[in-house]
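Each residue takes its place number in the sequence, starting with 1.
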Amino acid sequence: MAECVNDSDAESAINYGDYVVLKRGDVFKSVQVENKKKVIFEKQWFFLDNVVGQLYGTMFEIEAGGSLKPKAVKRAGDSLDSKEAGQDNRHIVDDGRSQKLTRDDIETLKEQGLKGQEIVQQLIDNSTTFKDKTEFAQAKYIKKKKKKYESDITVLKPSARLLAMMYHGREPGKICHLRYDTLAQILTLGNIHAGSKIIVFETCAGLVLGSVMERMGGFGSVIQMYPGGGPTRAGMESFGFPSHFHETLHDFPLCKVNALLAGTLDLTEKDADSQANGSRIGGSDASQETSGVSEEKKSEPKSMEVSVDPQEEVRRAERERLREHRAQEKKVKLEEKRKKLASAAALLEGRNADGLVIACRFHPCPVLMGLLKFLAPSRPFVVYCQYREPLIECYTKLREQGGAISLRLTDSWLRHYQVLPNRTHPVLLMSGGGGYLLSGTTVATDAAKARNQHKSEEPAAKRLKLDEISSSCDGTAKAISLV
């Protein structure tokens with residue numbers, strides 16, 4: 001599959017510390033460019049020092065010693081396409097004896113320094129059935145051998161599509177089997193754009209979070225809700241965002257949502273717990289120090305005339321300074337955490353978020369019902385789940401509770417097509433499923449309740465008419481009874 005490179009990406013050069021995506025065939029890997037760092041990719045190792053200063057989209061060739069060399073642009077005369085081709089493959093027998101070169105011969109060619117394209121040419125020349133194959137079969141054979149023997153690597157700029165394809169191809173379980181086309185629908189249905197305030201709750205290694213930040217372009221606010229002790233942002237870090245992108249990112253623990261909604265959030269609670277842990281750690285150090293001092297005091301009466309070792313005094317003073325430095329660093333970190341928590345809480349307290357994105361491995365129903373309260377009316381929300389049943393429960397709950405309209409439960413279907421002259425057809429292998437999406441739009445809950453109550457009540461004019469009919473019927477019945 002051909003890779004598109006934007007003009008802005010091609011103009012920017014690669015530097016140390018940048019995150020890049022390595023591409024070989026249909027396989028991707030995200031790495032950070034570091035000095036003399038050994039990278040293993042597709043059973044080959046190399047160093048990325050030579051990519052520094054090059055443009056994104058450059059193709060490199062692995063040389064002896066693991067160094068990368070920019071590959072020259074392919075010329076028209078370098079093609080391996082054969083001019084002779086057969087009419088069909090009916091007379092070709094796959095008996096394993098059509099190739100004259102053995103495995104040892106190929107290894108010898110590699111030791112002699114032949115490159116991948118030259119080895120492929122040797123395989124073509126020593127194949128007894130290559131000229132009898134059709135033109136399409138020859139192209140397929142050359143593509144297969146190139147993938148096996150050519151060691152070309154393309155360095156690309158990270159993007160949501162590339163990282164989604166990388167995770168889905170290598171470790172789909174880490175991203176809840178989220179496919180890249182489903183990720184694109186999430187960004188579209190969630191109306192992610194610059195300048196908006198988006199709430200994100202995901203357990204997809206930070207891939208959805210990074211995709212939202214990339215779509216917003218560093219403008220607006222992103223509040224990441226996280227379970228457990230801290231947020232997971234491995235996938236987001238692979239995007240290599242500049243520093244001003246991180247200034248728009250806030251995080252808030254999911255366990256404090258109920259307290260925030262009830263107005264009983266205590267910002268010093270977490271700090272108190274951390275200080276208690278720190279005091280326990282510090283207390284153990286202090287107990288060791290006091291035990292040492294007590295031992296020294298016990299030994300003083302026995303040797304009052306023995307002078308104190310000056311080196312021991314220096315070590316003791318150094319330990320004291322180190323302990324004070326650690327306590328100061330811990331205090332600064334706690335203050336930073338408290339400020340971040342307070343800023344995220346201030347953004348959520350307004351309950352005027354512009355969108356909600358949920359993609360997690362937990363049951364989404366309680367999470368969705370709790371986080372919908374932070375959205376302003378007429379704002380979109382989208383929930384991803386690998387399975388359909390949890391989203392059906394969310395759909396039913398929203399229909400009963402109200403507060404949301406335009407509810408849609410969808411699944412995506414993706415199939416690749418081979419587009420080549422005279423042989424365009426669907427690819428035989430395809431993804432079995434890309435998960436399910438529940439999307440909708442919030443509305444004011446009070447207005448919705450009033451509207452439902454008004455619908456359930458009987459219209460006043462109709463009720464009046466029924467009362468008149470019933471009274472007239474009663475009067476007629478009385479008159480008949482009198483007669």
Side-chain angles (χ1 to χ4, degrees), residues 160 164 167-168 172-193 196-212 215-216 222-227 235 252 254 257 261 348 351-414 431-445 447-449 452:
Y167 273 107
H168 191 266
K174 280 190 174 182
I175 59 172
C176 303
H177 295 266
L178 176 65
R179 211 167 50 198
Y180 51 90
D181 62 308
T182 309
L183 177 60
Q185 293 187 47
I186 290 175
L187 298 177
T188 303
L189 294 173
N191 193 25
I192 310 300
H193 61 274
S196 57
K197 184 193 296 185
I198 305 298
I199 300 175
V200 179
F201 176 65
E202 57 110 334
T203 57
C204 300
L207 174 64
V208 177
L209 175 65
S211 303
V212 171
R215 179 67 65 91
M216 295 177 64
V222 181
I223 303 111
Q224 181 187 10
M225 316 297 291
Y226 64 88
F252 192 83
L254 197 65
V257 169
L261 291 172
L348 292 172
R351 302 194 182 188
N352 57 352
D354 297 319
L356 172 63
V357 177
I358 298 176
C360 63
R361 63 176 182 271
F362 307 114
H363 199 294
C365 191
V367 179
L368 175 62
M369 296 304 167
L371 297 182
L372 272 180
K373 300 174 183 178
F374 294 110
L375 263 65
S378 187
R379 297 297 188 273
F381 64 90
V382 56
V383 185
Y384 166 80
C385 187
Q386 185 182 353
Y387 308 103
R388 178 177 53 186
E389 288 74 16
L391 294 184
I392 292 178
E393 184 176 344
C394 293
Y395 181 89
T396 307
K397 188 77 173 178
L398 288 172
R399 294 282 292 181
E400 294 175 353
Q401 179 177 309
I405 59 173
S406 302
L407 296 176
R408 294 181 60 194
L409 179 56
T410 60
D411 65 332
S412 58
W413 191 81
L414 175 70
S431 175
Y436 299 87
L437 292 176
L438 174 64
S439 60
T441 305
T442 59
V443 294
T445 310
K449 286 184 178 180
N452 292 335

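Side-chain atoms of Y384 do not come within 3.5 Å of backbone N or O of T182 as any donor-acceptor pair. Using modelled atom types, one side-chain atom of T442 and one backbone atom of A376 make a donor-acceptor pair closer than 3.5 Å.
Atom CG of residue L348 and atom CZ of residue F252 lie 6.0 Å apart, to the nearest 0.5 angstrom. To the nearest 0.5 Å, atom NE2 of residue H177 and atom SG of residue C204 are 10.5 Å apart. How far CG of L254 is from CD of Q224: 11.0 Å, rounded to the nearest 0.5 Å.
At least one side-chain heavy atom of L398 sits less than 4.5 Å from a side-chain heavy atom of F381. Side-chain atoms of L183 and I175, non-hydrogen and from C-beta on, never get closer than 4.5 Å to each other. With contacts defined as side-chain heavy-atom distances shorter than 4.5 Å, the pair N191/S196 does not qualify. Side-chain contact between E202 and I186 is absent, with no heavy atoms from C-beta onward closer than 4.5 Å.
Heavy-atom neighbours of R388 CZ from other residues, nucleotides or ligands within 6.0 Å: at or below the threshold of 12.
Shown here are the side-chain contact (heavy atoms from CB on, under 4.5 Å) partners of T188, two or more places apart in sequence or in another chain: there are none. Y395 pairs by the side-chain contact (heavy atoms from CB on, under 4.5 Å) definition with R399, L407, L438, not counting sequence neighbours.
The two residues L178 and H168 come nearest to each other via the heavy atoms O-CD2, 3.6 Å. The two residues Q185 and S412 come nearest to each other via the heavy atoms NE2-CB, 3.2 Å. The two residues A164 and Y180 make their nearest non-hydrogen contact at CB-CB, 3.6 Å.
When each of L375, V222, V212 is paired with I199, the side chain to side chain contact (heavy atoms under 4.5 Å, CB included) condition holds for L375 and for no other. Paired with Y436 under the rule side chain to side chain contact (heavy atoms under 4.5 Å, CB included), one option of D411, T410, V383 passes, and it is D411.
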Would you list the atom pairs, donor with acceptor, under 3.5 Å between side chains in residues 354-374 and any protein atom, with sequence neighbours excluded?
{"from": "D354", "atom 1": "OD1", "to": "R379", "atom 2": "NE", "distance (Å)": "3.1"}
{"from": "D354", "atom 1": "OD2", "to": "K197", "atom 2": "N", "distance (Å)": "2.9"}
{"from": "H363", "atom 1": "ND1", "to": "C365", "atom 2": "N", "distance (Å)": "3.3"}
{"from": "H363", "atom 1": "NE2", "to": "E393", "atom 2": "OE1", "distance (Å)": "3.1"}

